[in-house]
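Reckoned from all heavy atoms, side chains included, excluding hydrogens, waters and symmetry mates. What you see is a predicted model, and the numbers here were worked out from it, not measured in a lab. Below, chains carry the letters A, B, ... as their sequence lines are ordered, and counting in each starts from 1.
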Amino acid sequence: MLFLMAIAAGVLFAAGIFMILRRSMVKVLVGILLLGYAANLLLFNAAPLIRGAPPLIDPVIGVPTVYADPVPQALILTAIVISFGVTAFAVVLIRRAYAVTGTGDLDNMHCTDIPCESEEILSDLEDEIL
Amino acid sequence: MTALSITILTGFLIAILAPFLTRLMKHRAAFVLALYPLAVVIQLLALQPDTLTAPSIQFPWVPSMGLWMTFTLDGLGFLIAMLIAGIGTLVILYGGEYLRDDPYLERFFLWVIIFMASMLGVVTSGNALVLFVFWELTSISSFFLIGYKFEYESARAAAWQALLVTGAGGLAMLAGFVLLGQITGSFEINQWMQNSNLVQESALAPAAFILILLGAMTKSAQFPFHFWLPNAMEAPTPVSAYLHSATMVKAGVYLLARLFPVLGGLALWNQVVPWVGLLTLVGGALLALGQTDLKKLLAYTTVSSLGGMVFLLGLGTPLAVKSAMLFLLTHALYKGTLFLVAGGVDHSAGSRDIRKLGKLAKLMPFTALAAGLAALSMAGIPPLIGFISKEYVYESTYYYSNLPFILTGLAVLANVANVAVAGWVGIRPFWQQPEQKDEDLHPHKESLWLWIPPLVLAITGLFMGVFSQGTAQTWVAAATSAVLQEMSKVKLSLWHGITPMLLLSVLTLMIGVVVYLASRTLIPRLAAFWNKLSSVGPNIFYSRSMRAFLSVAGWQTKILQSGYLRYYIITILVTTVTLAVVTLATRYDSLPNPQWTQPRFYDVIFIVIIIVSAILVTRAESRLATITLLGAIGFSIAILFLLYSAPDLAMVQFAVETLTVVLFVLVIYQLPKYTKSNYPIHANVLHIIVSAAGGIMMVVLMLLTSAVPSNSTLAPYFMESSLPLAKGHNVVNVILVDFRGLDTLGEITVLMIAAIGVFALLGLKKGSKRGGNG
């Protein structure tokens, strides 16, 4: 199971990275969401995966002998909520940016003029890096 | 010594208060501020330099690293501190008058006093690192003072040049200090002196010496770094007089003298230092003869004189060291005076061109007197102290074992230039008819505080010459003893009988007078010659290398700071993956083995859903499909949480997932449509490779971390304490709201801020493109 979890998280990471490299703002946001899922899985995998033993204290028995580690769970809980906050803010920000600039293309947004006249620099850079 | 150090360091406080005082009192603040250097002078006078046995005090700086701020004072420090504080008092008084109605007078006071305190710090530091800090502070205050008239491009350029040249030298010096620190295991200069044999045996010593020499050469404007000093004449004249003639530029000479006991024994010392000094001595003198601007004339002769001092220290014989110390004192006295005189002339007559100035003695009798005395001293005419100093210089070269005739000849040549320049600056503007009539010049009378300071300095020079057996002799002897590290006697007198030195003096004077009279033909020719040569000079080299530096910086910025998010992400990822791969590869043998656990049927279903959806998301062309796929991933993860003992996570994930989908559906038609990816193919391939590398790295890292047996002590602690300490059965909840309650408060704050942001962005009126009032 560990392997499968790791592969799922890896695929989510890869997909997330691929998406934040896109030019469309919405796709970048989707990438961030995917990275959030991946990070949660990564945290979840940090403790041994245990079935059917949630970290609850039984009123009768007390502390169970086998239980899942509560610490990563607490961390993930925080992460889920925060990433929701980020998503909500980003969605509204993208909506606003789109309303003002009329474009969802990041390459049109890195300078103050619309449309941005920097296609040349872009292709130069692309050539230089590859 | 403690009291003196505290007085010196108070300077920084006074400097900060100076602007406020200047706002209150205008230029009259000078009379209050001059009390600071005056206090230092008085405290210095209370100490007897000849009985100084370098008492030192220490303040803790970084005691854990063995760093102490050590302050100490010996004869050498005493001599220069006296010049700094004494001339400093006069310069503050003079500057208050010179810049009387200047709107930036407060800055002048601020930086001059910072400079003063730093320079006093340099000469009283007993620790090399403390010395370095003060040294750089003098460079910085010099930067601000040269750039005082910042409206002028030339002033800004000169300020930069001075800062870059002296700053670079300062860094070289620091590297040299670090090497010496490595050799001796200490940064206390005292320790270096005691361990000078260690230094001389070390293989690192030549490198340390060259680096420190670079620091001294840049600061003291030695060839080929001399070019910044004449350019620094952009500064107001009191600054030129003070920093760029009398004190700051002597820091390099001071450094060499200070480290003479440490590095003087190296063979390199005698092979390099005298030649650097000699080249500067002669070059500066010849360059001076091509100038017509009062300040430039003085600047180039200053370069020449600094060369002279370095040359003498380089010779390193006791006699040469004595002459160097005497020359240092003498030069500060006469050159400081002449600079102040030049400022006064500029102020009254409105020009600094020696061809246009003349017959000013009637209007400015006291300035003329000061100028005359200083010029006589500079020309080396008895009974002024300059005469004794020059005799000493000739004696040092004449009795030097190697090449006495060539060395003496070159010294005579430099002094001939000194005689001529002394005449051009100190005599000609006051007594001769101007060479060119300039109708625009309307000289007015001298102001009180523009002639008192130069006259005081000039009379000090006269006094020290006539009564040379007194103060001057004591001070020079004390400084020489400190440099040579043995008690040295110095006997200064005006009359030695008929000696070769006296004959050389007469010869110098005669040729000097001829050169003085030949100014009309000589100056233009030399100026033209130097102009031709300047295309290969170090100044050009400086501007070329600056331009090259800027274009390299621009090129690398364009590469590294492209402004495109994806390049930053790719750079970060590639770096991380590379580091991870290198680390894993080097530790391949000791890596743990992850354990294979059999998955169940349900697990496989949800994992497959996640993987397939994630891949499909990257290919999705419609926004609705994307949201659906994201939902599938989120809910699958929630179910996995449920299956693996995390019911709280599952609940939160379900709730958040639902909310996210709702949010997206609400705004989806206000979001931009997907633009068709128009990356070139190779960019897409690069992105896929980078993403895959990142994903694979994460898989490997996850498997490796989970293979390490977890023996967390946190989990048992929380499980056991949850009920007794926090009265809660759900441990995850207890952690969030109780044990780590403050973290949760932070989380809530983040959510609040995000909510406020969302609200503000939604509230913005449509069409308010420039931010608006949301």
Side-chain angles (χ1 to χ4, degrees), chain A residues 1-2 4 6-15 17-21 24 26 30 33 37 42 45-57 63 68-71 73-74 76-78 80-82 84-85 87-89 91-96 98 100 104-106 110 125-126 130, chain B residues 562-563 566 569 594 597 599 603 607 610-611 614 617-618 626 630 633 637 644-647 649 652-653 656 660 663 667 670-672 674-675 682-683 687 691-692 694-695 698-699 702-703 705-706 710 714-715 718-720 722-723 729-732 735-736 747 750-751 754 757-758 761-762 769:
Chain A
M1 184 54 205
L2 200 62
L4 287 184
I7 289 168
V11 170
L12 284 173
F13 267 116
I17 293 167
F18 184 77
M19 290 301 269
I20 56 172
L21 296 176
S24 164
V26 182
V30 170
L33 279 171
Y37 291 136
L42 170 78
N45 256 17
L49 295 172
I50 296 170
R51 277 173 179 277
L56 298 174
I57 293 162
V63 179
D69 192 337
V71 180
Q73 296 196 15
I76 297 171
L77 206 71
T78 310
I80 294 173
V81 177
I82 293 279
F84 174 68
T87 311
F89 184 75
V91 166
V92 178
L93 188 66
I94 290 174
R95 177 178 160 268
R96 181 71 206 161
Y98 180 53
V100 173
D105 187 344
L106 282 176
H110 75 278
L125 270 168
E126 222 111 57
L130 279 172
Chain B
S562 59
R566 53 181 174 276
I569 294 173
T597 46
D603 301 343
I607 296 285
I610 293 174
I611 293 175
V617 161
T618 61
T626 311
L630 283 176
I633 297 173
I637 290 177
Y644 283 92
S645 314
L649 291 190
V652 175
Q653 182 82 39
V656 163
T660 311
L663 179 76
V667 296
Q670 287 161 354
L671 292 182
Y674 278 177
T675 36
H682 60 255
H687 294 172
S691 320
M698 292 311 291
V699 173
M702 274 169 77
L703 289 176
T705 36
S706 58
S710 107
L714 280 177
F718 284 130
M719 291 301 282
E720 312 236 309
S722 174
L723 195 56
H729 293 277
N730 183 333
V731 181
V732 176
I735 292 177
L736 284 175
E747 182 193 345
V750 171
L751 280 185
V758 168
L761 283 169
L762 287 175
K769 291 195 171 188

- Task: Determine yes or no for a side-chain-to-main-chain donor-acceptor pair under 3.5 angstrom, with A/Q73 supplying the side chain and B/S645 the backbone.
- Result: yes
- Item | Shortest non-hydrogen contact between B/S691 and A/L21, atoms and distance | OG-CD1, 4.4 Å
- Segment of A/L33 engaging chain B (4.5 angstrom heavy-atom cut-off): side chain
- Locate the shortest heavy-atom distance separating A/A88 from B/L663; write the atom from each residue and the value. CA-CD2, 3.7 Å
- Message: Taking every non-hydrogen pair under 4.5 Å, which of A/I17, A/L12, A/I82, A/N45 racks up the most with chain B?
- Response: A/I17
- Task: State the CD-CD1 distance between B/Q670 and A/I94, to the nearest 0.5 angstrom.
- Result: 13.0 Å
- Query: Which atom pair, heavy atoms only, marks the closest approach of B/E747 to A/V81?
  - Reply: OE2-CB, 3.1 Å
- Query: Under 4.5 Å between any side-chain heavy atoms of A/R95 and B/L762, yes or no?
  - Reply: yes
- Message: Pair A/V11, B/I610 - check side-chain contact (heavy atoms from CB on, under 4.5 Å), show working.
- Response: CA-CA 9 Å; A/V11 170; B/I610 293 174; over 6 Å; no
- Which bit of A/P48 comes within less than 4.5 Å of chain B, counting heavy atoms only: side chain, backbone, both or neither? side chain
- Query: Can you say whether A/A8 sits under 4.5 Å from chain B via the side chain, the backbone, both, or neither, judging by heavy atoms?
  - Reply: both
- Which heavy-atom pair separates A/A6 from B/V699 by the least distance, and what is that distance? O-CG2, 3.4 Å
- Item | B/F718, part contacting chain A, at a heavy-atom distance under 4.5 Å | side chain
- Task: Check step by step if side-chain contact (heavy atoms from CB on, under 4.5 Å) holds for B/L630 and A/Y37.
- Result: CA-CA 10 Å; B/L630 283 176; A/Y37 291 136; 4.1 Å; yes
- All heavy atoms of B/A715 vs all of A/V71, minimum pair found to be N-CG2, 4.4 Å
- Check the pair B/T626 / A/V26 against side-chain contact (heavy atoms from CB on, under 4.5 Å), numbers first and verdict last. CA-CA 10 Å; B/T626 311; A/V26 182; over 6 Å; no
- Where on A/V91 is there a heavy atom nearer than 4.5 Å to chain B: the side chain, the backbone, both, or neither? both
- Message: Would you say that B/D603 contacts A/R51 through its side chain, given a criterion of any heavy-atom pair below 4.5 Å between the two side chains?
- Response: yes
- Query: So do B/V667 and A/V92 actually touch side chain to side chain, heavy atoms under 4.5 Å?
  - Reply: no
- Message: I'd like to check B/L671 versus A/Y98 (side-chain heavy atoms, cut-off strictly below 4.5 Å). Are they in contact?
- Response: no
- Name the option with the most non-hydrogen atom pairs under 4.5 Å to chain A; the candidates are B/V750, B/L649, B/T660. B/L649
- Top of A/G10, A/P55, A/A15 for chain B proximity - count of heavy-atom pairs under 4.5 angstrom: A/P55
- Minimum heavy-atom distance B/T618-A/M19, with the two atoms named: CA-SD, 3.8 Å
- Item | CZ-CG distance between A/F89 and B/L761, expressed to the nearest 0.5 angstrom | 5.0 Å
- Query: When only pairs under 4.5 Å are counted, which of B/L723, B/L714, B/L736 shares the most heavy-atom pairs with chain A?
  - Reply: B/L736
- To the nearest 0.5 angstrom, please state how far the CG atom of A/L77 sits from the CD atom of B/Q653. 10.0 Å
- Evaluation steps, side-chain contact (heavy atoms from CB on, under 4.5 Å), between B/H729 and A/I57: CA-CA 5 Å; B/H729 293 277; A/I57 293 162; 4.2 Å; yes
